[in-house]
Amino acid sequence: MYFTEILVMRTSQYLLSTLKETPASAEVISHQLMLRAGLVRNLASGLYTWLPTGLRVLKKVENIVREEMQRAGANEILMPMVQPADLWEESGRWNDYGPELLRLNDRHKRPFVLGPTHEEVITKLVANELNSYKQLPLSLFQIQNKFRDEIRPRFGIMRSREFLMKDAYSFHLEQECLEKTYQKMFDAYCRIFDRLGLNYRPVLADTGSIGGDASHEFHVLADSGEDDIAFSDASDFAANVEKAEALAPQTERAEPTQTLTKVATPNVKSIDDLVNFLAVDIKTTVKTLLVCGIENEQGETPIVALVLRGDHQLNEIKVEHLSQVASPLTFASEEQILAVVHCNAGSIGPVGLSIDIIVDRSAAQLSDFVCGANENDQHLTGTNWQRDCSTYQVADIRNVVAGDPSPCGQGNIVIKRGIEVGHIFQLGTKYAEAMGCAVLNEGGKNQTLTMGCYGIGVSRIVAAAIEQNHDKYGIKWPKAIAPFQVAIVPMNMAKSARVKETAEALYEQFNQVGIEVLFDDRKERPGVMFADHELMGTPLLLIIGERNLDAQQVEVKNRITGEKSLLAIDDVMSLFS
RNA sequence: CGGUGAUUAGCGCAGCUUGGUAGCGCACUUGGUUUGGGUCCAAGGGGUCGCAAGUUCGAAUCUUGCAUCACCGACCA
């Protein structure tokens, strides 16, 4: 434990800083409550100062993460936030990372970056420090501020530019060993979120451009989440919709019954327009999207057509994995569209196209469908694959939707929102190769290491916990991360010597036993004190008043359940045993 | 990056249409009052109205530019 907890706390010596009114700039509930309860203050877009109460929570999350990482066998280190640019050139990310990477120069005009992540630094470190396979496997982690120059910071602490992250990296000679550590980390993550008291789910995730074989995200379930998670209603299956496979329909494609007919569709530009104009079911229409393909040897960029059922949405990640399509995904410009199909975007269809056509599995199952005619203000009805368009490839290129069969084979898909608070993946050799990270193996040969990488958004967890645990009075902290375990709330202490004596005595006892207590010794009316402590979410309130002192009792109020009960003063400590 | 909106006291807002000595509520200070759920009364302190230029005798108010903050979008076929 690296953080020394300060137990002694009186409100008269404490920066309470609660707000009665919600600042106008706060949109989501966690942001509002973090401002109102005095956890954070905004400095600039996406930059926050942590006040005492917020910092206590942040440190508690941090400590749970630290303990479980240590238990999983990882060593803690601390790397600089400012990193030399040449490391990023070595890995290739100086060019690849884009504008999220904040670049700066020092006084000698040497280029640096503000670290959005630390793969380069740690891989370089390990490349320098390790020589032999005998030193493997090795896991290292740090808890560090990261900076990502987000296009649009939003939702307060949930998507800020500077944020606290735990990032861990493991190094191995063999894939098999990496898989073992990966599983260990997976288990450690589950223990972390269990201990934090959050409702979370590990979900299958896309490995992104980094590649690698396995990846899981850990999501805290909350309606305000930014990610869609696909669950099976009949099994443990859970996957990010980016990743969830949309299965091909089980049924055979129906035989054509209609003839191909061109119909005039003036001013019909979108699928919605089309459905309204022709009064057809959206599920009998297809949309055709033109995107840029991979540049060929002549330096030309071919255009590729993607065909989806009208009601389905394109999954960019799946498309980027296709060999014909350029990554990152780029839609064809108006000029490119005109050059290929001689019509506007709203009238494109697969019939008669002489470019690569990739059809989603569901769209490929349609018969007698409606599509663009590749002529302005014209569409085709009664279109059928094979008969009217025979050269195409079928692939999974859409997002799953609620009700789809689950790819695990059991049940149907349900979609919920999640806040991504953790991400683990098997990196492979990408960075180790680029940074020359290798050791001598048993045969005395140089062997490049394979890596795993494991992140947790520490500050984001604080916001996610609030999103999941609040009511109209304020925050309801899970016990493990509450800033204080108990608040002493004396009624009219200024006038009653008995109340003051009792409150002071209990405060002293809590301090001796090491229970984090906030003693409200302000000269405030009871309502003000109650409101502040409920806003801050302290799990237990100890209310001391003349009313119950004759019977040597105090009142205990549970913030989570709302239950109130009377307790003999002598029994108060038993609440915490 | 595109669109929209905002910027006046620590916070929440009014004033701007129709230019003429900057206001309200909360918070803060002082005195009194009250004391088991955000008391009440009284007296105070606090603002170069985001910045810059322009119009005008005179600008929070009109014009132009800039900055900052926020929201929506970045899937259009």
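Order of the sequence lines sets the chain letters (A, B, ...), proteins ahead of strands, with each chain counted from 1. Just the heavy atoms: all of them, side chains too, but no hydrogens, waters or symmetry mates, feed the values below.
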Candidates B:G38, B:A70, B:G37 - which lies nearest the side chain of A:Val528: B:G38

Salt bridge A:Glu504-A:Arg10, side-chain N to carboxylate O under 4.0 Å: yes

Salt bridge present between A:Arg159 and A:Glu150 (N-O < 4.0 angstrom): yes

Closest nucleotide among B:C71, B:C13, B:C75 to the A:Ala24 side chain: B:C13

Base paired to B:A70 (Watson-Crick or G-U; both N/O distances under 3.5 angstrom): B:U4

Toward the 5' end of RNA chain B, by each residue's nearest nucleotide, A:Ile544 or A:Ile337: A:Ile544

Below 4.0 Å: OP1/OP2 of B:A27 and any side-chain N or O of A:Lys20: yes

Side-chain N,O (A:Arg525) to OP1/OP2 (B:U39) below 4.0 Å: yes

Pair A:Asp532 + A:Arg522, salt bridge at N-O below 4.0 Å: yes

Sugar-phosphate only, base, or nothing, as touched by A:Asn344 at under 4.0 Å among non-hydrogen atoms: nothing

Closest to side chain of A:Pro526, choosing from B:G37, B:C1, B:A77: B:G37

Sugar-phosphate only, base, or nothing, as touched by A:Lys557 at under 4.0 Å among non-hydrogen atoms: base

With A:Val486, the side chain to side chain contact (heavy atoms under 4.5 Å, CB included) member among A:Leu518, A:Val572, A:Val517: A:Val517

Short side-chain N/O contact from A:Ser45 to OP1 or OP2 of B:A70, under 4.0 Å: yes

Touch class at under 4.0 angstrom, heavy-atom based, for A:Glu316 against every strand present: base

From B:A77, B:A74, B:C69, nucleotide with atom closest to A:Ala44 side chain: B:C69

Selection from B:G37, B:C75, B:C11 that lies nearest to any side-chain heavy atom of A:Phe530: B:G37

Of A:Pro23 and A:His31, the one whose closest RNA chain B nucleotide lies more 5': A:Pro23

N/O (side chain, A:Arg152) to phosphate O (OP1/OP2, B:C72) under 4.0 Å: yes

